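By convention here, the first residue in the shown sequence is residue 1. All ligand and atom numbering here is 1-based and tracks the order in the structure. Nothing here was measured: the structure is a model prediction, and the numbers come from that model.
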Amino acid sequence: MSDSLNDLKSKGLYRKFRVLDNSVSTRVNIDNRTVVLFSSNDYLGLASDLRMKEASSKAALSWGTGSGASRLISGNTTLYTKLEEAVASFKKSESALVFPSGYSANAGVISSLAQEGDLILSDALNHASIIDACKLTKAKVVTYPHCDTDFVKDYLDNSQKQKRVLVVTDGVFSMTGELAPIPQLCKICKQYGVLLMVDDAHGTGVTGPEGRGTLDYYNLNEPGIVQVGTFSKALGGLGGFVAGSNLLIDYIINHARSLIYSTALPPSVLASDCEGIRIISEDSSLRIKLFELIHQLRDGLVSLGFPVFPVPMPIISILIGDVSETLSVAQYLWDKGLYVPPIRPPTVMPGESCLRISLSALNSAEDIERLLWAIKAYYKKGS
Ligand SMILES: Cc1ncc(COP(=O)(O)O)c(C=O)c1O
């Protein structure tokens, strides 16, 4: 263990917790100082929203703090029914199923859908929870080059008939904020009669005209797509979900081990998750504010010479490449009171270390100005 930790330290890849002693907002106290946070996935600031807190505390007072058992035993309350109906309606699907987390949703859904003799085609930049979920199956897993839809098509064209084929992609890639080519993948999957699964952890609540996610952004209404998501990001809570047909949900309830063998979520969490969906469905003001900030940051970065992806998202990453250089920029920003996390392997591929800036509707225009000023100052200092 020591050798392994020393090895990580020598490569600049050692990680340790930072401890916050106030709630996750955009001003957080870490190591006895207050910094502006640019690292949370709480894109709309719902995790500290009074409406969410009230929903959560009310449920805890009337239902208690724990659920006592897994859902198929006695942990399945009407709070689940209400939440799953809300998710299905939000995602325009027939049905939905809530899991303890997004990680366990991916584990449960992928391991239910793919078994020995099946094939999974997975994007090279998919989230670790998808990669781990693929490892849980005995299916053949082929990692396709990032967003390379020609590769997917050619592979399906040339491969022998498998029992079942699952193409899986993040909707919005978690480290770069780039959108996946869902319409093209959807077309290919339909042509070959194979399943498409989209993990829209980062699109849900943010993108599309009503914040419903990536499929809505693309105006795709395809009931056959398996939609996975999480409450832990824009929805300001905890838990994962899958949305799709009644048949799909029934099948997953009966096969997903991460659902069957894990205790149901506590009432307080289910209630605030439900409130998160209600707020996003009825109140677009936070999303509007978020997008103003996103545009301000993108414009500023472009004027400093940094490239940005065509579709605005609250995740904007600056590719640096080298680990020690990435740590050095992050440290410079930290010294200026700005917390932008350095992202290193194994989260990204070697040579692709980056700064991952994530924005919240609770950030201010001044926060963005400060960040842009500090980035500019760092690069001026270096040149
Ligand atoms: C794309 C993606 N899928 C799944 C997850 C896991 O979700 P959760 O944090 O709810 O377990 C994350 C986030 O960590 C993610 O970025």
Side-chain angles (χ1 to χ4, degrees), residues 15 17 24 39-44 46-47 52 83 87 91 96-111 113 120 122-136 143 146-147 166-182 185 196-207 213-215 217 225-243 252 256-259 262-266 269-270 272-274 276-277 309 311 313-317 341 343 346-349 354 356-360:
R15 305 172 188 215
F17 291 130
V24 181
S39 65
S40 165
N41 301 315
D42 178 23
Y43 303 121
L44 299 174
L46 288 186
M52 300 283 281
L83 179 56
V87 173
K91 287 288 179 181
L97 179 68
V98 171
F99 281 76
S101 68
Y103 188 100
S104 76
N106 277 332
V109 172
I110 293 176
S111 63
L113 291 178
I120 303 176
S122 173
D123 189 286
L125 292 195
N126 274 346
H127 187 255
S129 56
I130 294 178
I131 298 169
D132 294 357
C134 291
K135 287 183 189 157
L136 282 176
T143 304
H146 180 51
C147 288
L166 176 68
V167 176
V168 56
T169 180
D170 280 14
V172 175
F173 289 91
S174 57
M175 289 303 126
T176 59
E178 182 184 12
L179 253 68
I182 315 281
L185 287 173
L196 174 62
M197 173 179 146
V198 178
D199 174 0
D200 207 17
H202 295 274
T204 301
V206 172
T207 195
T214 312
L215 297 194
Y217 170 84
I225 297 181
V226 180
Q227 303 187 59
V228 169
T230 176
F231 298 98
S232 66
K233 306 192 190 299
L235 284 155
L238 176 71
F241 62 82
V242 54
I252 291 176
R257 294 171 67 86
S258 61
L259 175 94
S262 193
T263 297
L265 284 166
V269 166
L270 296 170
S272 52
D273 285 349
C274 208
I277 294 203
F309 286 116
V311 182
M313 285 298 298
I315 306 165
I316 301 177
S317 70
I343 309 292
T347 308
V348 288
M349 310 234 191
C354 63
R356 178 185 185 269
I357 306 169
S358 56
L359 296 181
S360 157

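- In this structure, the ring of Phe241 has its center no less than 6.0 angstrom from the ring center of Phe99.
- Checking Asp123 against His146 by side-chain atom types alone, a donor-acceptor pair falls below 3.5 Å.
- Ranking protein heavy atoms by distance to atom 13 (C) of ligand 1, first place goes to Lys233 NZ, 2.6 Å.
- Across every non-hydrogen atom of Asp273 and Leu238, the tightest pair is OD2-O, 2.5 Å.
- Residue contacts with ligand 1, taken as heavy atom pairs separated by less than 4.0 Å, involve Asn106 solely via side-chain atoms from C-beta onward.
- What sits closest to atom 5 (C) of ligand 1 on the protein, heavy atoms only, is His127 CE1, 3.5 Å.
- For atom 3 (N) of ligand 1, the nearest non-hydrogen atom from the set Asp199, Asp170, Asn41, Leu235 belongs to Asp199.
- Considering Ser129, Gly102, Ala128, Ala201 only, the shortest heavy-atom separation from atom 8 (P) of ligand 1 involves Gly102.
- For ligand 1, the atoms sitting less than 4.0 Å from at least one non-hydrogen atom of Tyr103 are 6 (C), 7 (O), 8 (P), 11 (O), numbered in the order shown with element in parentheses.
- Side-chain contact, Thr214 with Asp200: a donor N or O sits under 3.5 Å from an acceptor N or O.
- Every atom of ligand 1 with a heavy atom of His202 under 4.0 Å away is listed here by number and element: 1 (C), 15 (C), 16 (O).
- Asn126 and Asp199 share no side-chain donor-acceptor pair at under 3.5 Å.
- In summary, the atoms of ligand 1 found under 4.0 Å from a heavy atom of Ser232, numbered by their order in the structure, are 8 (P), 9 (O), 10 (O).
- Between Met197 and the choices Thr169, Ile110, Val167, the side-chain contact (heavy atoms from CB on, under 4.5 Å) rule is met once, by Ile110.
- With ligand atoms numbered from 1 in the order given, ligand 1 contributes 7 (O), 8 (P), 10 (O) to contacts under 4.0 Å with heavy atoms of Thr230.
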